[in-house]
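Accompanying notes for the structure given below.
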Amino acid sequence: MLNAARLHIIGRRLLQAIPVVVLSTFIVFGLLKLVPGDVAVTLAGDNASEQRIAEIRELYGLNQPFLLQYGSWLAKAVQGDLSNSLVSNEAVLTSIQRCLPHTLLIVALALFTALLIGVPLGIAAATKPGSWIDSIVMAIASLGVAVPNFWLGMLLVAFFSLQLNWLPATGAVAFTKDPWASLSHAILPALALASGGVAEVARQLRSSLVEILSSQQVRTLHAKGLPPSSILWRHGLKNVSVNLLTVISLLANRMLAATVVVEAVFAIPGMGGLIVNAAMHRDFPVVQGVVFTMVLIVVSLNLLTDILYSVLDPRIAT
Amino acid sequence: MRIFDLGQRTLRRRDILALIGGGVAAGALGLPALAQEAKKGGVLMVAAPANPSSLDPATGGAGSDHSILWTMYDTLVEWDYDTLKPKPGMAKWSYPNPNTMVLDITSGIQFHDGTPLDAEAVKFNLERNRSDQRSNVKPDLASVESIEVTGPLQVTLKLKNPDTALPAILSDRAGMMVSPTNIKALGTDTDRKPVGAGPWKFVRWNDNEIIVVARHENYWRKGRPYLDGIEFNIITENATALRSVVAGQNDMAFQLPARLKPVIERAKDLAMVSSPTLYCIQVYFNYARAPLDNLKVRQAINFALDRETFVKATLGGLGEPARMTLPSSHWAYNKDVAGTYPHDPERAKKLLAEAGYKDGLEMTIGGYTDQDSVRRGEVIQDQLGKVGIRLKFTRGTIAEISAQFFAQEKKFDLLVSAWTGRPDPSMTYALGFDKGAYYNAGRTADPELSKLILESRVSEDLAKRAEVFAKIQRITVEQALSAPLAFQFELDALSSKVKGFKPNLLGKPKFENISLA
């Protein structure tokens with residue numbers, strides 16, 4: 001899989017990622033500075049006076065020119081030092097190392113669930129387009145897209161945690177500490193997060209599969225006498241795999257973003273909670289650190305997707 | 001719907017707690033008497049509403065820190081739960097003359113690291129609090145001229161001017177004693193490694209996740225604390241915090257919004273505690289410029305507001321209509337001015353007409369984006385709209401909108417926000433109404449008011465001080481310097497195994513009396 005040509009491509013893509021990272025952190029930094037209010041007000045506390053706020057700006061270098069502040073952050077970041085939170089003084093790297101696994105676990109579990117449910121539904125709908133199965137699947141799909149995941153999350157908690165007492169209502173446990181407890185905490189948030197994904201996977205799979213199955217090529221296969229199951233598995237799904245991969249990749253990116261809301265509902269100390277809290281207080285080292293990490297993840301995901309494209313369909317030149 | 005109807009609670013402890021202080025009433029109703037010896041041991045799981053700004057009392061700043069800080073730090077002075085009258089804590093205070101305050105420290109107190117809490121340690125703390133570059137409590141100790149050790153357990157403060165607010169100030173951040181050994185060892189890295197002399201010592205803090213404290217074996221109050229430890233699970237979303245208590249993952253959630261009251265009532269085995277606090281929801285005025293520089297306009301707003309309806313509509317009745325910046329249970333409350341602004345829309349319209357706004361006027365107002373703030377804003381908008389005051393709302397985060405209103409920008413004529421209250425009322429007036437104060441958006445003040453604020457710190461006698469505060473309140477109310485709306489009650493949900501919890505007027509829970517059944 002990793003031949004010389006692909007290694008070359010990976011190298012080039014990683015180089016391309018550098019300006020993306022720099023630009024995105026720069027834009028976020030700029031936005032944080034553009035909106036009124038700054039971290040000095042938070043740091044000065046409830047008894048703030050204007051004089052104290054000015055002192056704190058001086059103390060933390062918040063009155064330095066914008067570019068200088070960004071430059072000094074970037075210079076440290078490229079050396080692997082993501083600074084400390086201005087508000088709580090925790091090292092940003094420590095926060096991220098602790099929060100990221102929680103978020104990744106939920107996203108991975110949600111993605112898995114979306115495929116586990118979405119793929120069979122999509123296939124069922126596509127093999128009998130227009131039938132009652134199709135209608136039901138499409139109804140479920142529309143509902144999945146329409147239902148807000150935080151609301152679904154609350155319903156899930158009300159039923160599975162408060163009513164049946166099967167699963168914990170809030171919090172998260174590190175996978176390395178206790179895998180079982182970790183999974184039981186992650187199931188409900190992952191289900192809430194997966195609802196939109198199930199719908200997306202089922203719908204996309206159905207539409208591309210319907211297109212393939214009604215093509216002349218498949219008609220010929222039928223004429224040749226191939227059994228329908230063989231047509232579906234060997235010819236149908238193989239042809240939609242690239243589409244499916246696109247959906248999965250987009251879904252993964254979107255779920256990473258959607259965890260912000262789901263984490264709040266389930267009180268999961270993940271990346272979403274981290275960035276929201278930091279942005280509220282204009283704690284820019286933390287915001288920058290989270291953005292930096294998320295951009296790296298998204299860039300890597302996209303790179304992986306591109307490589308898989310060419311594996312699935314050698315005609316795609318990467 | 002069955003899912004949400006989880007049965008009837010058997011205990012209605014809240015009703016009792018809200019009225020009287022626990023013990024007697026509980027006995028009368030045949031409930032297990034609170035006088036019974038509290039059981040020692042167990043770890044209390046608490047849903048805490050915010051990540052602390054710092055665990056160093058001097059460098060932090062958020063009002064939500066206190067409940068966590070008090071577990072690790074004892075204060076030199078404490079207060080009465082119901083009235084906030086100062087009482088001795090780790091030290092007794094006296095004023096040999098108005099410009100001298102003497103602190104006599106209880107003997108035998110040790111910090112968690114074994115360092116003795118003596119006169120040297122207290123001096124070290126007070127010096128640090130009033131002069132360290134990173135200290136946020138410098139203004140609290142501005143009246144202190146010098147600090148001298150006058151005995152192994154005695155510290156004498158020489159004051160620039162008489163300051164009888166100091167006992168209350170020393171019940172807050174400035175009076176939380178940190179171990180000098182720890183500060184000297186860590187330098188500026190003290191925010192996350194606290195060492196105090198409180199009932200519990202610090203174990204662990206993960207930002208936005210958890211804070212763990214464990215029993216201090218050498219705590220100076222014998223037999224205390226009851227709990228072996230406390231785990232604060234930081235859950236910023238209050239509905240989620242409450243769900244964690246309903247599900248049994250946490251034993252307690254505090255400072256919940258009134259809208260969650262029905263959820264607590266429906267949950268089985270949960271006790272609800274609700275009691276008055278100093279937390280005052282109010283409309284701030286920028287009275288340095290038109291149109292609010294006109295007294296009649298400010299008064300018109302106060303007459304136009306229907307506080308009873310406001311409490312019902314926004315707090316589900318869990319509040320007290322506010323007539324001034326102190327609630328009626330406070331020792332410095334002035335009942336003579338309480339009736340100044342009854343709900344009287346006609347009077348409001350008349351005052352507006354006299355001020356030259358016969359056809360009403362438009363004003364800009366800032367507010368926050370959370371659910372409760374938006375609802376408050378809508379009620380105010382409606383009430384003022386009825387007398388012809390059209391409000392143009394701008395909403396944003398607390399940091400953003402507050403800074404726009406209070407700092408240099410001076411956006412908006414009004415701001416709907418809250419005053420979280422201070423242990424001493426003189427702090428409230430000095431920070432919110434004095435000349436140049438940050439929370440006085442217009443920065444101007446009646447010289448008479450400034451004079452009275454200083455005067456309020458002269459006498460040690462609370463009755464005499466209350467007289468001065470009565471005058472201060474007369475000015476702030478008659479000149480309509482703000483529009484106080486309601487004192488929000490504290491609302492806490494407790495699992496049935498939590499015993500002995502008592503709310504306080506500051507509205508920031510202390511856990512010292514809690515034991516687990």
Side-chain angles (χ1 to χ4, degrees), chain A residues 35-53 55-56 58-59 84-85 87-92 94-95 98-99 102 153-155 157-159 161-163 165 167-172 263-270 273-274 276-282 286, chain B residues 2-4 6 47 51-55 59-63 133-134 136-140 173 189 191-192 205-210 233-237 239-241 243-244 246-250 267 396-404 406-409 411 420 422 427 431 436-439:
Chain A
V35 286
D38 71 302
V39 67
V41 177
T42 303
L43 287 171
D46 290 353
N47 291 343
S49 63
E50 260 161 349
Q51 184 201 347
R52 179 67 188 146
I53 293 172
E55 265 175 43
I56 285 182
E58 180 75 41
L59 196 63
N84 283 11
S85 156
V87 176
S88 76
N89 211 11
E90 184 172 64
V92 175
T94 311
S95 312
R98 195 180 57 237
C99 296
H102 293 316
M154 289 182 208
L155 285 192
V157 169
F159 190 68
S161 304
L162 305 187
Q163 173 92 337
N165 230 335
L167 293 163
T170 55
E263 281 175 12
V265 173
F266 290 92
I268 295 164
L274 190 63
V276 168
N277 202 28
M280 294 267 245
H281 295 303
R282 311 272 182 274
V286 179
Chain B
R2 207 168 106 74
I3 298 175
F4 296 105
L6 294 168
N51 195 44
S53 58
S54 163
L55 291 182
T59 64
Q133 208 185 10
R134 293 169 72 235
N136 277 336
V137 289
K138 277 184 271 187
D140 289 358
R173 286 179 180 278
D189 198 21
D191 297 351
R192 306 190 65 86
W205 174 21
N206 290 346
D207 266 10
N208 301 309
E209 185 185 342
I210 194 170
N233 292 295
I234 298 155
I235 304 182
T236 47
E237 175 59 41
T240 305
R243 274 201 299 277
S244 77
V246 176
Q249 287 182 282
N250 283 316
T397 61
I398 295 181
E400 181 187 340
I401 296 292
S402 304
Q404 285 176 348
F406 290 119
Q408 284 94 340
E409 248 184 289
K411 266 193 173 179
T420 54
R422 292 294 180 279
M427 297 160 92
L431 292 164
Y438 183 74
Y439 294 103

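Lettering follows sequence order; numbering is per chain, from 1. What you are looking at is a predicted structure, and each value in this text was computed from that prediction instead of being measured.
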May I ask you to name which of A:S161, A:C99, A:A264, A:S85 has the most heavy-atom pairs under 4.5 Å with chain B?
A:A264
Got a donor-acceptor contact below 3.5 angstrom from the B:T240 side chain to the A:V265 backbone?
yes
Please state whether the side chain, the backbone, both or neither of B:N233 comes within less than 4.5 Å of a heavy atom of chain A.
neither
Measure B:R134 against the heavy atoms of chain A and call it side chain, backbone, both or neither at under 4.5 Å.
both
Which distance, rounded to the nearest 0.5 Å, do you find between the CD of A:E90 and the CD of B:E209?
9.0 Å
Heavy-atom closest pair (A:V157 atom, B:R243 atom, distance to 0.1 Å) is CG1-CD, 3.4 Å
Below 4.5 Å from any heavy atom of chain A, which atoms of B:T59 appear? Answer side chain, backbone, both or neither.
backbone
If I compare all heavy atoms of A:L43 with all of B:N136, which pair ends up nearest, and what's the gap?
O-ND2, 2.6 Å
Quick check for you: among B:I210, B:N208, B:D189, B:I235, which has the greatest number of heavy-atom pairs under 4.5 Å with chain A?
B:N208
Nearest heavy atoms of A:T170 and B:S244, plus distance in Å:
OG1-CB, 3.3 Å
We want to know whether A:S95 and B:D207 form a side-chain donor-acceptor pair, criterion being a heavy-atom distance below 3.5 angstrom.
no
Counting only heavy atoms closer than 4.5 Å, note whether A:N89 contacts chain B via side chain, backbone, both or neither.
both
Flag side-chain contact, heavy atom, 4.5 Å: A:T94 against B:N206
no
Search all heavy atoms of A:R52 against all heavy atoms of B:Q133 and return the closest pair with its distance.
NH1-O, 3.1 Å
Which atom of B:P52 lies closest to which atom of A:S88, heavy atoms considered:
O-CB, 4.4 Å
Under a 4.5 Å cut-off applied to non-hydrogen side-chain atoms, are A:R282 and B:T397 in contact?
yes
For the CE atom of A:M280 and the CD1 atom of B:I398, what is their distance to the nearest 0.5 Å?
7.0 Å
Where on B:Q249 is there a heavy atom nearer than 4.5 Å to chain A: the side chain, the backbone, both, or neither?
side chain
Heavy-atom pairs under 4.5 Å with chain B - which of A:L59, A:I53, A:V87 has more of them than the others?
A:L59
For the candidates A:V286, A:I268, A:N277, which exhibits the highest count of non-hydrogen atom pairs separated by less than 4.5 Å from chain B?
A:N277
Quick one: what part of B:N51 sits under 4.5 Å from any heavy atom of chain A, side chain, backbone, both or neither?
side chain
